[in-house]
Structures are given as C-alpha cells and as structure tokens.
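Notes to accompany the following structure.
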2 protein chains.
Amino acid sequence: MADAERILDRIRAAGGRVTGPRRQLVTALVDADDHVTAEDLAAAVGEPHLSTVYRTLDALEELGVVDHVHLGHGRAVYHLTDASHQHLVCEACGDVTEVPEGLFTSLARKLQADYGFRMRPNHFAVLGRCAACQSTQSTQSTPA
Amino acid sequence: MADAERILDRIRAAGGRVTGPRRQLVTALVDADDHVTAEDLAAAVGEPHLSTVYRTLDALEELGVVDHVHLGHGRAVYHLTDASHQHLVCEACGDVTEVPEGLFTSLARKLQADYGFRMRPNHFAVLGRCAACQSTQSTQSTPA
DNA sequence: ATCTTTGCAAACTTTTTGCACCAAT
DNA sequence: ATTGGTGCAAAAAGTTTGCAAAGAT
C-alpha cells in the first residue's frame, strides 16, 4: 500500500490533486493487482461517477502508471504498468489466463528486425481457445 | 469476382437470400481484399443502412467467410478469412502494416504447448510504434 | 485565491434490436 | 406462400465532454 502513496505522490508531482475519489481509486487499483474494468473500480470504491473513474484512469495513464487492455468486444480493463503480462482470453468460456510477457519477446524482436515495428504487447489480448474448450466444443470451423 | 459468386452461393446454401445489398457488400468485400470498416463498406456500395451492413457481416461471419479485427479503440474492420494476416498498428501515426501470419506460429506453438491455449491470432491487432514514429517522437515513456 | 477535480446530464461512437414492409426462393 | 432481409428509428454499451459547484494546494 506504500505503492498507492507513491502513485499519489506522482500525481501531486505532476501538478494534480489528490482527492478522495482518486486516493480510493488508486488504492483499489493497487489492491486489485489484476485487470479491472472502470465499472469494477467504481463498484469497489463506493460508486463515484463513472466519468470520474475514466478521468482518473486517463490521468494515471498519462503518468504512465496504468495501462488499459481490450480483452474482447466489451469494456476495457486497466492494470498497473508494472504488472506487465499478456492476457489469453478464451472466446468460448471467457476465461482469462495471464502469461509472462517474456513469451512475446522473440516475436517482438522479429517484428522490430523485419519491420522496424516496436510492439507494445499488452494493449490487446490474445484471443483463442483454452485447453478445456478445445476438447469440449470442437465447433470451431476451419474456413477455407 | 468468381469469389463473390462463390460466397453468394454459400449464403444460399445456408438457406439465406441473395439480395441486392448483399451482393454489393460481398463484392465490395472481395474487391477490397483488405481491412474495411462497416462504414467503408456502406460508403462503397451506395449507403445501405448500417444495420444492414452489420447484419450481413454477421451472417458472413457465421458462414466463416469473413472475420473482424479490432485495430484500435474505434470501429472494427472486416476482411475475408482467407486473407489471413496480422495487423501492426502504429499508435502514433495510425499506419497499419500487414504481416504474414507465419511470424506468429512459433508463439502460437508455445502458447499451445505451455498453456494448452490455441490462439486465434488475427482477432486483435498488435499495437506499437512503426519505424518512422520510433525515431520521430520519442515521447514514449518507459514506465517503472 | 487559484486552478483542478467532481458530479451530473447529455453527447458521442459503434453496434444491436424491434417492427412493419418488401423481396428471394 | 413462405421465410428471410431491409430500412428506419430507437436502444444499447462504453466512453467522453460541458458546465457549475466543490475541493486541494
């Protein structure tokens, strides 16, 4: 929870103000130490207005403290940048598996080498099918 | 353009009807042979109602003929499933580079081996920074 | 005192849905 | 004749914004 204070200091250092909602949101974010949606956060801290949540998250993103990821078609999820990992999302059951970012470094290196492209790996999730759902529902067509 | 007819036949085979809008949309999709948004398609074929476009794309997706990808925060883009490639999207300039899917097979193999997860690589784009924007604006912070 | 943040309501963007009419089979 | 598709308008979902009041520095 010293983490939260460190982040709040960073807000202040950037000329921002540490308000009640912000302190609560930052704390919730640190405590969650996992992907949470804006709604999750709001619910976790006594329902501030969603616009407040989004604005706070924006501010934190500008500070480089949080990042957001699109797991699927719906809401985005936010997490602290130092918890850098990838998300494998099963399209069948919705299960989310976190995998270390290291798995992607070889791909990242290749994209950099061949295309000069530096990937930011964790902004979008990797969609597919988890182990359980592969055996269960083989309804997955392999289209021509 | 025999491609378009083949797809239309597939619609019919599935009990669907080949209407004017559908014929136009399928043709536009084949002609585009690249990522297009629902709006792009609508504009390309004389502005049918967007709901028609979405419904047609849904139908085509159920047939396994098209797939859609989220390139960024906004609209999704659609493409024929047989044009299987990945998209590298530059967050700075918006440029989209297509890369062969082969680059991802080693990653896919690893995810399958280690996590039993079978990735569907092209549903989300890979975000990052293209070669040009890496040199230009080094505003990219590397947060703690 | 100043400048930021809040809450609200309302706009916004993208996509979905209900419904009556129309068209392909 | 039947069943599926169309257009419209309106809703839905997620996020953003303008504004006046409240709060942090």
Side-chain angles (χ1 to χ4, degrees), chain A residues 5 7-29 35-43 45-63 65-78 94 123-125, chain B residues 5 7-29 35-43 45-63 65-78 94 123-125:
Chain A
E5 284 310 319
I7 292 171
L8 294 172
D9 283 349
R10 235 160 126 172
I11 290 178
R12 251 184 294 251
R17 279 142 205 213
V18 172
T19 65
R22 285 189 164 187
R23 167 167 277 117
Q24 288 183 287
L25 286 170
V26 166
T27 304
L29 213 35
H35 30 73
V36 281
T37 65
E39 269 189 348
D40 288 342
L41 280 176
V45 305
E47 309 280 358
H49 213 263
L50 265 181
S51 56
T52 299
V53 178
Y54 281 114
R55 280 186 285 218
T56 299
L57 288 169
D58 274 2
L60 292 174
E61 249 180 303
E62 258 165 43
L63 290 178
V65 170
V66 312
D67 204 353
H68 73 276
V69 185
H70 301 267
L71 287 188
H73 289 183
R75 1 186 162 358
V77 299
Y78 296 76
H123 190 64
F124 279 94
Chain B
E5 285 309 319
I7 293 171
L8 294 173
D9 282 349
R10 235 159 125 174
I11 290 178
R12 251 185 293 251
R17 288 164 196 191
V18 173
T19 65
R22 285 190 163 187
R23 168 167 275 117
Q24 288 182 287
L25 286 170
V26 166
T27 304
L29 214 35
H35 30 73
V36 281
T37 66
E39 268 189 348
D40 289 341
L41 280 176
V45 305
E47 309 280 358
H49 213 263
L50 265 181
S51 56
T52 299
V53 178
Y54 281 115
R55 279 186 285 217
T56 299
L57 288 169
D58 273 2
L60 292 174
E61 250 180 301
E62 259 166 42
L63 290 178
V65 170
V66 312
D67 205 351
H68 73 276
V69 185
H70 301 267
L71 287 188
H73 289 183
R75 3 187 162 355
V77 299
Y78 294 76
H123 190 64
F124 278 93

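Chain identifiers are assigned alphabetically (A, B, ...) following the order of the sequence lines, protein sequences preceding nucleic acid strands; residue numbering begins at 1 within each chain.
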For the residue pair [X] and [Y], establish whether any side-chain heavy-atom pair is separated by less than 4.5 Å.
X: B/Val77; Y: B/Val36; value: no
X: A/His35; Y: A/Val69; value: no
X: B/Thr27; Y: B/Arg23; value: yes

Exercise. Look at the side-chain N and O atoms of B/Thr52 and state whether any lies under 4.0 Å from the OP1 or OP2 oxygen of D/dG7.
Key: yes
Exercise. Ignoring backbone atoms, test whether A/Tyr54 places a side-chain nitrogen or oxygen under 4.0 Å from the OP1 or OP2 oxygen of D/dT15.
Key: yes
Distance, rounded to the nearest Å, where [X] contributes [atom1] and [N] contributes [atom2]:
X: B/Arg22; N: D/dT3; atom1: CZ; atom2: P; value: 17 Å
X: B/Glu47; N: D/dC8; atom1: CD; atom2: C1'; value: 15 Å
X: A/Leu50; N: C/dA9; atom1: CG; atom2: P; value: 13 Å
X: A/Leu60; N: C/dT5; atom1: CG; atom2: C1'; value: 13 Å
X: B/Leu57; N: D/dT6; atom1: CG; atom2: C1'; value: 15 Å
X: A/His70; N: D/dG14; atom1: NE2; atom2: P; value: 13 Å
X: B/Leu63; N: D/dG5; atom1: CG; atom2: C1'; value: 14 Å
X: B/Leu25; N: D/dG5; atom1: CG; atom2: C1'; value: 12 Å

Exercise. Have a look at B/Ala59 and say if it touches a base, only the backbone sugar-phosphate, or nothing, with a 4.0 Å heavy-atom cut-off.
Key: nothing
Exercise. Determine the minimum heavy-atom distance between A/Pro48 and A/Ala42, stating which atoms define it.
Key: CD-O, 3.5 Å
Practice problem: Measure across B/Val66 and B/Leu57 and return the closest heavy-atom pair with its distance rounded to 0.1 Å. | Solution: CG2-O, 3.8 Å
Quiz item: Can you give one letter per nucleotide of nucleotides 19-25 of chain C, 5' to 3': B if a protein heavy atom sits under 4.0 Å from the base, S if only from the sugar-phosphate, - if neither?
Solution: ----BBS
Quiz item: With distance as the sole test, does A/Asp58 use its side chain to make a donor-acceptor pair with the main-chain N or O of A/Arg55 at under 3.5 Å?
Solution: no
Quiz item: Does the B/Arg12 side chain pair with the main chain of B/Val18, one donor and one acceptor, at a distance under 3.5 Å?
Solution: no
Self-check item: Toward the 5' end of DNA chain C, by each residue's nearest nucleotide, B/Asp58 or A/Ser51
Solution: A/Ser51
